[in-house]
Amino acid sequence: MGRIAKTPTPPYYAVIFASERTEEDRGYGKMADKMVELASRQDGFLGMENANDEGLGIMVSYWDSLEAIQRWKENAGHQAAQQRGKSGWYQSFALRVSKVESDRYFEI
């Protein structure tokens with residue numbers, strides 16, 4: 001997967017997850033990799049982008065429908081990772097869901 005997701009013609013949905021991490025790591029990287037793999041196998045998954053800088057992480061995942069996002073939210077493996085995040089990996093986080101109505105990709 002490239003660093004910038006190649007998404008289809010809109011409309012589709014973006015789930016934006018911004019987080020501030022604690023100092024605790026305890027398997028975070030391994031779990032994050034597992035969640036990327038798990039999400040990429042979900043029906044309706046279109047792609048993902050991720051950036052981290054000094055404890056601030058932003059992950060954007062793209063989905064073909066609100067129903068696909070709901071199924072991902074209800075995925076048992078994802079729910080287990082969310083619980084671990086709340087109990088030790090994150091100081092704070094924000095989750096936003098947006099409908100993408102226009103996009104442009106440029107390769108220079």
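Scope of the values below: all heavy atoms of this structure, side chains included, with no hydrogens, waters or symmetry mates.
Minimum interatomic distance between H78 and L38 (heavy atoms only, all atoms of both residues): N-CD2, 4.0 Å. Between G44 and A68 the shortest heavy-atom distance is CA-CB, 3.9 Å. V97 approaches L66 most closely through the heavy-atom pair CG1-CD2, 4.1 Å. When all heavy atoms of Y62 and M48 are compared, the pair lying nearest together is CD1-N, 4.2 Å.
With values rounded to the nearest 0.5 angstrom, Y105 atom OH is found 3.0 Å from K6 atom NZ. A distance of 10.5 Å separates OH of Y13 from OG of S98, quoted to the nearest 0.5 Å. In this structure, CE on M59 lies 3.5 Å from CG on N50, to the nearest 0.5 angstrom. Taken to the nearest 0.5 Å, the NZ atom of K30 stands 13.0 Å off from the CE atom of M35.
A donor-acceptor contact under 3.5 angstrom links the side chains of R104 and S102, judged on distance only.
Here the two rings, on F17 and F93, have centers that are under 6.0 Å apart. Ring centers of F45 and W63: under 6.0 Å apart, within the cut-off.
Between the side chain of T22 and the backbone N or O of G88 there is at least one donor-acceptor pair closer than 3.5 Å. Using a distance-only test at 3.5 Å, with no hydrogens or angles considered, no donor-acceptor pair links the side chain of Q91 to the main chain of E20.
Residue E23 qualifies as open at atom CD: its count of foreign heavy atoms under 6.0 Å is 12 or below. Annotation for E74: atom CD counts as buried by contact number, over 12 foreign heavy atoms lying within 6.0 Å.
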Quick one: do T7 and Y12 satisfy side chain to side chain donor-acceptor pair (under 3.5 Å)? Show the steps, please. CA-CA 9 Å; T7 49; Y12 55 88; 2.8 Å; yes
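Each of Q42, R41, Q82 was evaluated against N75; a single residue qualifies, Q42, per the side chain to side chain donor-acceptor pair (under 3.5 Å) test.
Both V36 and W72 are members of a single hydrophobic cluster when ILVMFWY side chains are connected at heavy-atom separations under 4.5 Å.
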